Amino acid sequence: MPQQQMNPRGRDVTPILLGIALTVFATLPFWAGKGLVFLAGIVLLQMVFALAFNLMFGLTGLVSFGQAAFFAAGAYASGWLARMLPDLPFFLTIAFGGAVGAVLSAIIGLVALRRASGIYFAILTLALGQLVYTLIGKTTALGREDGLIGIARPVLDFGVFEINLAAGDNYYFLILTASVVLSAILWWVWHGNLGRILAAIRQEPERVRFLGIDVRRYREYAFIISGTVTALAGALVAPWSQIITPMLAHWSYSALPILFCLLGGRSRFWGPAVGAIVFAGLEHATRTMVGVAELVVGGALLIVVLAMPGGILGTLSALGGRYFGTKREAGHD
Amino acid sequence: MLADLLLIAMNGLVWGMAVFLVASGLTLIFGILHILNFSHGGFVMIGAYLAFTLMNMLAGSVGIVAFILIAFACAAAVGLMGFVVDRVVFERLKRVDDSYSLIATYAVLLLCEGFVKTAWGPNFQSVYPPSGLEGAVFLGNLFMPSYALFVIGAGVIVFLVLDFWLHRTPSGKIMKSVAVDPWMASLLGINVNAIFTVAVVGGFVLAGLAGGLLAPNQSLSPMMGGVYIIQAFGVIIVGGIGNVRGAFIAAILLGLIDAFGTVYVPQFPGIFFYVAVAVIILFRPQGLLSGIH
Amino acid sequence: MTDLLEARDICFAYPSVRVLKDVSMTVRANECHVIIGPNGAGKTTLFKVLSGETLPQSGTVRYSGEDVTRLDAWKRVHRGIGRTFQVARLFSEQTVLNNVILALECRENIKGTSLGRWWRLNPARELVDEAMSRLAEYGLDRRAQDSAKNLSHGDKKRLELLLTLSLHPKLIMLDEPTAGMAPDDRRAVVAMVNRLREEEGLTLLLTEHDMEVVFGLATRLTVLSQGKVIASGEPEEVRRDPVVHEIYFGKGRHHA
C-alpha cells in the first residue's frame, strides 16, 4: 500500500517472528519427539483453517459459526475418494476435497449471505454447519458416527523420482509446504485489491454499494475462498491423523478458528496463526489435567476479549510501537 | 395409528418443553441486554450437576417435593453465579459488537465445561427421576413415562408464571419498557442498570431451575451444555429473539417438527430441527411472532 | 431539457406509519433539483427509494427512460447515479488518500480494466497519481496521509463527494450536504455544486434545510410535507405559492 512507502512506520517485528516460527516448524522433526511432530502437523493445518476463516471475520466482518463443515467436507471427500480409488494420484484426491469444499461453501454462502448481519448470520451458519455434521454422522458410506479409519499416506510419483509419504517425516514436510503455499495465497488475497474491497465492506458496506460494488457477491467471494482453503486443509489432515470423525464438522470445532483469531488478533493477517500456536501450547501443557484445559483456554479467551481487543499480536505491536517511539496504525495491515 | 401420532406428538412436546425451560432464560437476557449468552447451556448443566449431587446427598428415595425444592436450590445457586458473571463479564459487553459478546460468553461456556470436568469428572452420570415419577401412566391408550408428563407440566407452568410476570405485574412492565427503549426508561427515572442485573440474574435462575428439573431427562456429561445451547438458540431465533411467548410456541413447533421428522425420515434424525431453523431465519428473520411480546 | 430521473406514484410505509403517499417528481438533465420540507416529511425515505437503498411498496422509478424501481443500488450506480449520505460514510480506518484510491479501484473493477483485478497487490501508480490530483483539486491534498476519521465535518462531506464523483456519475444525490456546517463551508458547497452543474454538466438532486443554500443553488424545487408533494417548480414560483407559505414558510424560518 502506498502509505507504507510514504509513511515509514515503526520497526515491524512480524518478519522476524515469521522467520523464527518457520525455522522451528521446519527443523522440528530433527529434535522433537513423534508426539510433538504430530501435534505440529495438526497446528499447521489449524493455522491455515484460522487464516482462511479470518478472511471473512477480520477482513470482511462476517462471523460464521459453521466453518468446520468445510474442514470436514474436505477431509471426508478426499478420504472417501482415497478409499474408493486408492490408485488415484494423491494431488487429485486433495484437489477433490478442495472442490467439494468450494461447491459446499458456494451453496451455503448463497443461502446464508441473504442474512449477513451479526447474530442471524452466526446462527444461520451454525444451523447449516450442524446440518452437515448430522448428515455426515448418519451416512453409511462415510462411516456414520465412527468416521473413516485407515486413510493411507500414499506415494507421490513424480516420474523421475518418488516420495513415499508414509515413510519417516515426509508427510509432515508435505503439510508444512502446503501450509506455506496456502498461507501465501491467503496473504495475497488479504493484501491485494480484493482484500482492500473486502476491508472496505467491513467498514462501510453501504458506501461500497454506492461505489457500484455488488457487496453480496464480494462477501460470497470471501466465503468461497475461505471455504475452499479450509477444505484443502481438511483434505490434508485426513492422511495425517489417519482417522476422521464427524466431530470435525461439529460446531465446537467451528469455534476454534474464532478463538484463534481473537486470541492472536483478528485485524492482522498473521494474528490467527499466533492464536493457533498459543492455543496449542496451552492445550498441550494442560493435556493431562482433566478440565483444566477448558478453564485455561476459557479464561485466556475471556481476558483477551474483555481486556485486549487487539489480541496478542495487536497488543504486542502496540507495546512495541511505544517502545520504538512510533505510533502504529491498527486495522488493515 | 392415531395413538402412534399422539405418541410422536407427545415426544415432540416433551422435547419442546425441555428446550423451552432452557430457552426461557436465554431469551429473557437477550430481550433486555441484547447479549446472546452462549454460556447459558453451561449454567443449565451446572444446575443439573448440582441437583445430581444434592440428590445423592439425600441418598435413598427423593420425593417429588424434595426434588422440586432441590431444583429451586439449584436455581438460587446458579442465580448467584449469574450475579458474578453479570459483574465480571456482561457489564463490559454492553458497548461491544454482537460477535464479541457471542465469543466472550462462549469463553464462559468453556469455563463451565472445565468447572464441571474438574468438579464431577469427565464421565457420564445418570440421575433417576424422583420416586413417584419413575413409573409410567396410561393416558387413554397412550403409555407415557410420568417424568415426561412432569417436564411438560413444568414447561407450561414456567411459561405461565413468566408470561404473567412480564405482562401483568408492575415490575414486569418496567422490564418490558427497558427492553423496548432503555434510554427512554432511564429518562423516566428507572434505574436501568439495576433492571439489567435483575434480568441477568433472572435468566440464570431460570437456567439453574431448568438444570435441576431436567437432570433426570438425560445422562449428565460435560458436553450437555453445548447440546442444550444449540437447541435453545434455534428456539429463540424462531420465536423472535427476546420474545418469551414466541419461544414457547417455537419450542412446541420445533419439537413437533423434529419428532415427526425423526419418525418419517429415520435415516437422518435431528436434521429437521436445523432445516426448520435455517428456513425461518431466511424467510422470517424477525421470528414467527414479531411485534407480540 | 430531457427527463433524467422520474418518480411516479411512489408509496412507502413502515409497518405502523405511511411515509410516502403517491409521490411523483421529475428531475431534468442538468438541473439542480432540491427537495425541501419539514422534518419527517419523507425526504430521506424518498432519497432511499430513488437511490435503491429500499424498495417502495408501489410506484415506479425511471432513470433515462429505463424502469429501475427494483434495480439494486449498485446497478443504478453503474448507470450513472451517485449519492452521499446525511452523515458522511467513509472508510474511517483508512487514510484520506486510501479512501480515494479505493473508490478509483472500485471504478476500475466495475469497468473490468486490468487496474482493478483482484491479484493486484498494490494499487496502480496511475490510480495513486489520479487520487492525489483529485485531492488537490478539492483542497484535501494536505490531509492525504491523515486518517479519514480525523477530518473535520466539512472535510468529511467533501471527501465523500469526491469518492462519489470518482465514478463519473451523471446524476448525484446529496442528502443534506451542508448539515452541521459553518457558514463559510456552506458557501463553499454552494459554489462547488454550481460549478459541477455549470462546468461539468452534472445533474444534482439534493435535500437541504438551509434556505440560503437552497435559493443559492436550486434551479427547481419540490416541496414535501407529510409524505406528499405539495408544490413543485422554479424557486421563485414556489416561494410565491400560497399553499407552501401556509404550510411551510408561514411557520417561520427556524422550521425551514
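Protein chains get the first letters and strands the later ones, always in sequence-line order, with residue 1 at the start of each. Computed over heavy atoms, backbone and side chain alike; hydrogens, waters and symmetry mates excluded. Nothing here was measured: the structure is a model prediction, and the numbers come from that model.
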key: Rounded distance (nearest 0.5 Å) linking atom CG of A:Leu301 with atom CG of B:Leu109   = 11.0 Å
query = Using a cut-off of under 4.5 Å for heavy-atom pairs, which of B:Ile237, B:Val88, B:Ile230 has the most such pairs with chain A?
reply =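 Winner by heavy-atom pair count: B:Ile230.
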With only heavy atoms counted, which part of [X] is less than 4.5 Å from chain B, the side chain, the backbone, both or neither?
X        : result
A:Val111 : both
A:Leu302 : both
A:Leu124 : both
A:Val63  : side chain
A:Ile258 : side chain
A:Leu262 : side chain
A:Leu126 : side chain

key: Which residues share a side chain to side chain contact (heavy atoms under 4.5 Å, CB included) with A:Tyr221, sequence neighbours left out   =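 By the side chain to side chain contact (heavy atoms under 4.5 Å, CB included) rule, A:Tyr221 matches A:Leu194, A:Arg217, A:Tyr218.
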ask   = Between A:Leu135, A:Leu128, A:Val304, which has the largest tally of heavy atom pairs under 4.5 Å with chain B?
value =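 Winner by heavy-atom pair count: A:Leu135.
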ask   = What option among A:Leu131, A:Val292, A:Val296, A:Val297 has the most heavy-atom pairs under 4.5 Å with chain B?
value =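 Heavy-atom pairs under 4.5 Å are most numerous for A:Leu131.
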ask   = Is the gap between the ring centers of A:Phe65 and B:Phe233 under 6.0 Å?
value = no
With a 4.5 angstrom heavy-atom cut-off, which part of [X] approaches chain A: side chain, backbone, both or neither?
X        : value
B:Leu102 : side chain
B:Phe272 : neither
B:Pro269 : both

key: Over all atoms of both residues, closest heavy-atom pair of B:Leu111 and A:Gly298   =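 Taking B:Leu111 first and A:Gly298 second, the nearest heavy atoms are CD2-C, 3.9 Å.
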remark   = Between B:Val277 and A:Ala127 the two heavy atoms that sit nearest each other are CG1-CB, 4.2 Å
message = For a 4.5 angstrom cut-off between non-hydrogen side-chain atoms, does A:Leu306 reach B:Leu93?
response = yes
request  = Can you tell me which residue pairs pass the salt bridge (charged side-chain N to carboxylate O under 4.0 Å, His left out) test with a partner in residues 36-46 of chain B, sequence neighbours excluded?
outcome  = none
ask   = Do any of residues 270-281 of chain A have a heavy atom less than 4.5 Å from a heavy atom of chain B, and if so, which, in residue order?
value =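 Not one residue of residues 270-281 of chain A has a heavy atom under 4.5 Å from chain B.
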inquiry  = I'd like to know whether CE of B:Met223 has more than 12 heavy-atom contacts from other residues, nucleotides or ligands below 6.0 angstrom.
reply    =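 Check fails, neighbour count at 12 or below.
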Got a list of the donor-acceptor pairs under 3.5 angstrom between chain A and chain B?
unit_1, atom_1, unit_2, atom_2, d
A:Arg115, NE, B:Ile281, O, 3.1
A:Arg115, NH2, B:Leu282, O, 2.9
A:Tyr120, OH, B:Pro285, O, 3.1
A:Gln130, NE2, B:Tyr274, OH, 3.1
A:Glu294, OE2, B:Lys117, NZ, 2.4
A:Pro309, O, B:Tyr100, OH, 3.2

